[in-house]
2 protein chains.
Amino acid sequence: MAKAIRKSLPEAGQGGPVSDRTLRGFAGYNMKRAFNAVQADLARTLEPFGLRMMTFTALVLVIDNPDLSQTQLAGALAVERSNLVVIIDDLEQAGLITRNPSPTDRRSHALRATLAGRRLCERALQAVRAHEEKLLGGLGENGAAALIAALQTVEQGNRGGE
Amino acid sequence: MAKAIRKSLPEAGQGGPVSDRTLRGFAGYNMKRAFNAVQADLARTLEPFGLRMMTFTALVLVIDNPDLSQTQLAGALAVERSNLVVIIDDLEQAGLITRNPSPTDRRSHALRATLAGRRLCERALQAVRAHEEKLLGGLGENGAAALIAALQTVEQGNRGGE
DNA sequence: CAATAATTGTTATTCGACATAACAATTATC
DNA sequence: GATAATTGTTATGTCGAATAACAATTATTG
């Protein structure tokens with residue numbers, strides 16, 4: 001059980017594990033580490049579909065909000081319009097979405113998913129749902145819901161800082 | 001201050017706001033958005049101390065684990081040794097830590113915080129604790145603890161994915 | 001209506017986080 | 001003692017994110 005501490009405390013210099021204890025008390029530290037783990041596994045989940053996290057998210061939003069503009073999508077994704085261009089380029093060159101002329105504003109593009117885009121997204125969504133079930137398996141049904149609710153509370157309560 | 005919000009929002013073109021509903025069901029999406037909000041506020045909290053998130057974390061770990069090597073610290077921070085060099089440079093040039101010769105291995109450095117480093121870290125820790133209390137205020141005492149526990153469960157359960 | 005301002009998508013550039021490759025000095029291994 | 005492995009380091013490339021500038025178009029306003 002309690003493996004006796006061999007010599008004395010200063011075993012950091014050699015092989016002992018590095019102590020986290022101060023940082024583990026912070027929610028931000030735990031959020032970063034948990035998100036890193038999730039992100040790595042999610043990237044592996046999406047890679048067979050030729051999607052990255054950003055392109056997957058953008059594709060889902062375009063499907064759920066047909067004909068939205070790049071400015072609107074950039075706002076929803078919390079990225080700059082200039083950075084969204086390459087994301088849209090990626091999805092368009094993959095044949096998953098199209099840039100259509102807006103009937104009301106000749107400056108803006110009305111983004112719409114192609115049939116191939118909707119089909120690929122449906123398959124990717126299944127994979128991501130399976131990935132999430134594996135992820136949250138240790139929390140139980142209501143534990144996962146509680147985590148999501150808590151995260152939304154933190155996000156909402158910390159929104160006016162900017 | 002009852003100025004209408006209409007103009008300040010990204011103007012939803014024709015429809016209303018952009019719908020999140022599909023993505024909101026995923027824990028990963030909520031984690032990313034919540035962490036982004038936390039990260040932004042934390043950066044503002046640490047900025048008066050001349051610390052970034054990475055240097056703050058490294059400083060805390062050096063204080064909690066005196067005489068650890070850069071390879072050990074890189075492992076704890078989950079960054080490459082090559083990227084840790086600039087972080088250590090930053091902290092050393094700020095007079096917060098020192099690179100000392102290891103008594104047992106002339107290749108490695110035994111990192112140690114200076115008195116100024118420990119004092120600055122103590123003040124920064126107080127600020128970060130206040131930041132976290134503001135952050136998690138909407139969750140209640142045990143709600144915050146439950147969030148941290150859930151995040152650790154997710155991190156642990158998703159560790160062997162590589 | 002005309003002149004000016006604001007918006008949209010875009011390019012170029014910069015910055016920071018992150019990974020890889022190579023290297024000298026040192027240590028470990030055979 | 002020759003060879004391999006490790007430590008810190010530099011250089012380089014990728015990727016996400018931020019800013020500035022620009023042409024085309026729309027909105028505002030005098």
Side-chain angles (χ1 to χ4, degrees), chain A residues 13-15 32-33 35-37 39-40 42-44 46-47 51-58 62 67-93 97-111 162, chain B residues 6-14 32-33 35-37 39-40 42-43 46-47 50-58 62 67-93 97-111 162:
Chain A
Q14 266 293 352
K32 172 165 183 162
R33 294 192 72 97
F35 179 65
N36 280 352
Q39 193 177 30
L42 179 57
R44 282 191 295 267
L46 290 175
E47 193 237 359
L51 294 172
R52 290 164 301 158
M53 237 161 314
M54 212 51 170
T55 53
F56 168 72
T57 307
V62 169
D67 285 338
L68 88 171
S69 71
Q70 293 185 197
T71 295
Q72 287 177 301
L73 181 55
L77 290 169
V79 305
E80 295 298 316
R81 293 196 313 276
S82 54
N83 295 326
L84 183 65
V85 173
V86 299
I87 299 171
I88 300 299
D89 285 349
D90 188 336
L91 289 170
E92 192 177 38
Q93 287 164 16
I97 69 173
T98 52
R99 283 188 242 232
N100 306 108
S102 163
T104 68
D105 191 334
R106 290 197 299 177
R107 293 171 298 184
S108 73
H109 293 156
L111 303 176
E162 190 82 13
Chain B
R6 300 167 189 173
K7 200 58 192 262
S8 73
L9 288 179
E11 189 115 1
Q14 46 187 13
K32 172 163 182 165
R33 295 192 70 99
F35 178 65
N36 280 353
Q39 193 177 30
L42 179 58
L46 290 175
E47 193 236 0
L51 295 172
R52 291 164 301 157
M53 236 161 315
M54 211 51 171
T55 54
F56 168 72
T57 308
V62 169
D67 286 337
L68 87 171
S69 71
Q70 294 185 198
T71 295
Q72 288 176 300
L73 181 54
L77 290 169
V79 306
E80 295 299 314
R81 295 197 313 277
S82 53
N83 296 325
L84 183 66
V85 174
V86 299
I87 298 172
I88 299 299
D89 285 348
D90 188 336
L91 289 170
E92 191 177 39
Q93 286 164 17
I97 70 172
T98 53
R99 283 189 241 231
N100 305 108
S102 164
T104 67
D105 191 334
R106 289 197 300 177
R107 293 170 299 182
S108 72
H109 293 158
L111 303 176
E162 190 84 14

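Since this is a predicted model, take the numbers as computed values, not measurements. All chains are named by letter (A, B, ...) in the order of the sequence lines, taking the proteins before the strands, and each is independently numbered beginning at 1.
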Closest non-hydrogen atom pair between A:L91 and A:L51, with its separation:
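Smallest heavy-atom distance, with atoms named: CD2-CD2, 4.2 Å.
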Looking only at heavy atoms, which two atoms of A:A58 and A:L77 are closest? And how far apart?
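That would be CB-CD1, 3.9 Å.
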Suppose we screen for salt bridge (Lys or Arg N to Asp or Glu O under 4.0 Å). Which residues come up paired with A:R81, at least two apart in sequence or across chains?
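In terms of salt bridge (Lys or Arg N to Asp or Glu O under 4.0 Å), with neighbours along the sequence ignored, A:R81 is linked to no residue.
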Without decimals, in angstroms, what is the distance between [X] [atom1] and [N] [atom2]?
| X | N | atom1 | atom2 | value |
| --- | --- | --- | --- | --- |
| B:I87 | C:dG16 | CD1 | C1' | 11 Å |
| B:E80 | C:dA22 | CD | P | 15 Å |
| B:D90 | C:dG16 | CG | C1' | 12 Å |
| A:L84 | C:dT11 | CG | C1' | 14 Å |
| A:N36 | D:dG16 | CG | P | 15 Å |
| A:L73 | C:dT7 | CG | C1' | 17 Å |
| A:R33 | C:dA17 | CZ | P | 17 Å |
| B:Q39 | D:dG16 | CD | P | 15 Å |

With sequence neighbours excluded, what pairs up with [X] under the side-chain contact (heavy atoms from CB on, under 4.5 Å) test?
| X | answer |
| --- | --- |
| B:S82 | B:E80 |
| A:S108 | A:S69, A:S102, A:D105 |
| B:V85 | B:Q70, B:D89 |
| A:R106 | none |

On the nucleotide D:dT7, are OP1 or OP2 found under 4.0 Å from the side-chain N or O atoms that B:R106 carries?
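False: B:R106 side-chain N/O out of range (4.0 Å or more) of D:dT7 OP1/OP2.
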List the residues meeting side-chain hydrogen bond (donor to acceptor under 3.5 Å, both in side chains) with B:N100, not counting sequence neighbours, and say none if there are none.
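By the side-chain hydrogen bond (donor to acceptor under 3.5 Å, both in side chains) rule, B:N100 matches B:T98.
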Residues that A:Q39 engages under side-chain hydrogen bond (donor to acceptor under 3.5 Å, both in side chains), provided they are two or more places apart
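By the side-chain hydrogen bond (donor to acceptor under 3.5 Å, both in side chains) rule, A:Q39 matches no residue at all.
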Identify the pairs formed between an N or O of the protein and an N or O of nucleotides 8-10 of chain D at a distance under 3.5 Å, and give each distance.
unit_1	atom_1	unit_2	atom_2	d
D:dG8	OP1	B:Q70	N	3.1
D:dG8	OP1	B:H109	N	3.2
D:dG8	OP2	B:T71	N	2.8
D:dG8	OP2	B:T71	OG1	2.6
D:dT9	OP1	B:R99	NH1	3.1
D:dT9	OP2	B:Q70	OE1	3.0
D:dT9	OP2	B:Q70	NE2	2.9
D:dT9	OP2	B:R99	NH1	2.5

For DNA chain D, whose closest nucleotide is more 5', that of A:M54 or that of A:D105?
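Its nucleotide being nearer the 5' end, the pick is A:M54.
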So what is the end-to-end bend of the helix from C:dC1-D:dG30 to C:dC30-D:dG1, with 5 pairs used at each end and the value given to 10 degrees?
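It comes to 10° between the two terminal axes.
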